[in-house]
Number of protein chains: 2
Amino acid sequence: MGVFSKTCEYAMRAVFYIASSTISGNRVGIKEIASKIDSPEYFLAKILQDLSRKGLISSVKGPNGGFYIEGEALNRPLADIVTAVDGDEIFNGCGMGLAHCSETNPCPLHHEFKKVRNQITHMLTITTIGQFNKELGNGLISLKKS
Amino acid sequence: MGVFSKTCEYAMRAVFYIASSTISGNRVGIKEIASKIDSPEYFLAKILQDLSRKGLISSVKGPNGGFYIEGEALNRPLADIVTAVDGDEIFNGCGMGLAHCSETNPCPLHHEFKKVRNQITHMLTITTIGQFNKELGNGLISLKKS
DNA sequence: ATAAATTAAGATAAAAAAGTCTTTTATTGT
DNA sequence: ACAATAAAAGACTTTTTTATCTTAATTTAT
């Protein structure tokens, strides 16, 4: 089990890929995205429909249609995608699954786990959806098993 | 979705509870553990059977039987429990689910996610199974919604 | 030895997550 | 207007995770 659900992993990879295509001036279809990020096509379609409904990505139907990301949405933190897909448990949940764990009623892992959560939050906050396009373009960073 | 599976959360809570009882000189039965850590009894039974088979905890059947933890097992890192239940993906998996993500073929999150993983590993390595007994005993730390 | 207590094991069941297929709706180019 | 294209929506299936119940095997105390 990873830190994020599979759905969320696919979503993050797809969004980076779409962002990269958008910067290059192209809309991109579900088939291409799925194949480029190694995800099941129909399943990814559902995920992107959801992100589209929530306004995190955009799409147009028909010939030359496909997915893209609005200019300002490119500056959103990746955290927005994670929250949309997995909810916010990862940002403030207890490591041991206790509903009432808190500073005043801490679980055994509380203080150390807080650092983990903070690091995750930091990672997802400083990372924006559109920020890797250069590296993706020149192959310095990968979305796929190469 | 949390960082650990529900199974793993129950396992960690149960192990801390058993350790605490062991230090107090008692074996503890499945009913008591389940009720004290807020977990489904039969499900927890399966989990503890598994941990017992793997030698991480011990048990005896019959009257006055129950679960306990051998002296030296109390010094094991919590990481051993997590590995037994959830495997080692949490310690070295890619944040975006890419099988071939690595230093030389990094995903967009690689460098930041490495810090997350390291923090998790650190937390689970420095934390030993038996180390919270004092705090648990005096109520400074909790395994249950109180 | 026997009865009671307690974990182990096996068999299901229910719920959630992941994955697939089909039909509908919207858009574009001709 | 029409045909082709591509996403949206809906229905369904499969797999995995979580949860429950029943029976068997041990152990202890009497």
Side-chain angles (χ1 to χ4, degrees), chain A residues 1-15 17-18 21-22 26-35 37-69 82 84-87 89-90 97, chain B residues 1-15 17-18 21-22 26-35 37-69 82 84-87 89-90 97:
Chain A
M1 192 175 150
V3 168
F4 306 108
S5 69
K6 246 154 191 302
T7 303
C8 190
E9 291 176 353
Y10 295 147
M12 293 189 288
R13 275 144 64 186
V15 162
Y17 186 78
I18 297 168
S21 297
T22 297
N26 299 312
R27 290 177 191 142
V28 56
I30 187 72
K31 277 214 182 69
E32 174 178 340
I33 306 171
S35 105
I37 71 165
D38 271 319
S39 80
E41 179 185 332
Y42 293 119
F43 188 49
L44 181 62
K46 289 295 178 200
I47 299 168
L48 296 188
Q49 279 162 31
D50 184 47
L51 293 179
S52 178
R53 251 182 265 114
K54 289 175 175 160
L56 292 165
I57 63 177
S58 308
S59 69
V60 299
K61 295 178 180 178
N64 290 311
F67 295 91
Y68 65 101
I69 299 180
V82 172
V85 175
D86 276 355
E89 192 189 334
I90 194 77
Chain B
M1 192 178 149
V3 167
F4 305 109
S5 69
K6 241 152 194 303
T7 304
C8 190
E9 290 175 354
Y10 294 148
M12 292 189 290
R13 275 144 64 186
V15 162
Y17 186 79
I18 296 168
S21 295
T22 297
N26 300 115
R27 290 177 191 144
V28 56
I30 188 71
K31 277 214 183 68
E32 175 179 340
I33 305 171
S35 105
I37 70 165
D38 271 320
S39 79
E41 178 184 331
Y42 293 120
F43 189 49
L44 182 62
K46 289 297 178 197
I47 299 168
L48 295 188
Q49 278 161 31
D50 183 45
L51 292 179
S52 177
R53 253 183 264 113
K54 289 175 174 159
L56 293 164
I57 64 179
S58 308
S59 71
V60 300
K61 296 177 179 178
N64 290 311
F67 294 92
Y68 64 102
I69 299 180
V82 172
V85 175
D86 277 355
E89 191 189 332
I90 194 77

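These numbers come from a predicted model, not from an experiment. Atom set for the values below is all heavy atoms of this structure, side chains included, hydrogens, waters and symmetry mates excluded. Labels below follow one simple rule: chain letters A, B, ... track the order of the sequence lines, proteins then strands, and each chain is numbered from 1.
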Tell me whether the side-chain N or O atoms of Lys46(A) pair up with the base of dA9(D) as donor and acceptor below 3.5 Å, since no angle test is needed here. yes
Heavy atoms from C-beta onward define the side chain here; which of [options] lies closest to that of [X]?
X: Ser59(A); options: dT20(C), dA19(D), dA7(D); value: dA7(D)
X: Lys61(A); options: dT20(D), dA7(D), dG19(C); value: dA7(D)
X: Phe43(B); options: dC21(C), dA8(D), dA19(D); value: dA19(D)
X: Pro63(B); options: dT27(C), dA11(D), dA5(C); value: dA5(C)

Straight-line distance of Ser59(A) OG to Phe67(A) CZ, nearest 0.5 Å: 5.0 Å
Spatial distance of atom CG (Leu51(A)) from atom CD1 (Ile18(A)) [nearest 0.5 Å]: 8.0 Å
Identify whether any heavy atom of Ile30(A) sits under 4.0 Å from a base atom; if not, whether one sits that close to sugar-phosphate; answer base, sugar-phosphate or nothing.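 Sugar-phosphate only.
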Give me the atom names and distance for the closest heavy-atom approach of Leu44(B) to Ile37(B).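 Here Leu44(B) and Ile37(B) meet closest at CD2-CD1, 4.0 Å.
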Closest approach of Ile69(A) and Thr22(A), non-hydrogen atoms and distance?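 Looking at all heavy atoms of both residues, the shortest contact is N-OG1, 3.1 Å.
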Over how many whole Å does the gap from [X] atom [atom1] to [N] atom [atom2] extend?
X: Glu41(B); N: dT20(D); atom1: CD; atom2: P; answer: 10 Å
X: Leu51(A); N: dA9(D); atom1: CG; atom2: P; answer: 13 Å
X: Leu44(B); N: dA19(D); atom1: CG; atom2: C1'; answer: 12 Å
X: Tyr42(A); N: dT14(D); atom1: OH; atom2: P; answer: 16 Å
X: Ile47(A); N: dA9(D); atom1: CD1; atom2: C1'; answer: 16 Å
X: Asp38(A); N: dA18(C); atom1: CG; atom2: C1'; answer: 16 Å
X: Gln49(B); N: dA19(D); atom1: CD; atom2: C1'; answer: 14 Å
X: Tyr68(B); N: dT7(C); atom1: OH; atom2: C1'; answer: 12 Å

Closer than 4.0 Å, any side-chain N/O of Ser52(B) to the OP1 or OP2 of dA8(C)?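 So the side-chain polar atoms of Ser52(B) do come within 4.0 Å of the phosphate oxygens OP1 or OP2 of dA8(C), strictly under.
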Any side-chain N or O of Arg53(B) below 4.0 angstrom from OP1/OP2 of dA9(C)? yes
Does a salt bridge link Asp50(A) with Lys54(A), judged by any charged N lying under 4.0 Å from a carboxylate O? yes
Heavy atom of residues 6-15 of chain A under 4.0 Å from DNA chain D: which residues? none
All side chain to side chain donor-acceptor pair (under 3.5 Å) counterparts of Asn26(A), not counting sequence neighbours: none
For Glu89(A), which residues count as a side-chain contact (heavy atoms from CB on, under 4.5 Å) partner, sequence neighbours excluded?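 Checked Glu89(A) against side-chain contact (heavy atoms from CB on, under 4.5 Å); zero matches.
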Between Pro40(A) and Lys31(B), name the one whose nearest nucleotide on DNA chain C is closer to the 5' end.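 Between the two, 5'-proximity favours Lys31(B).
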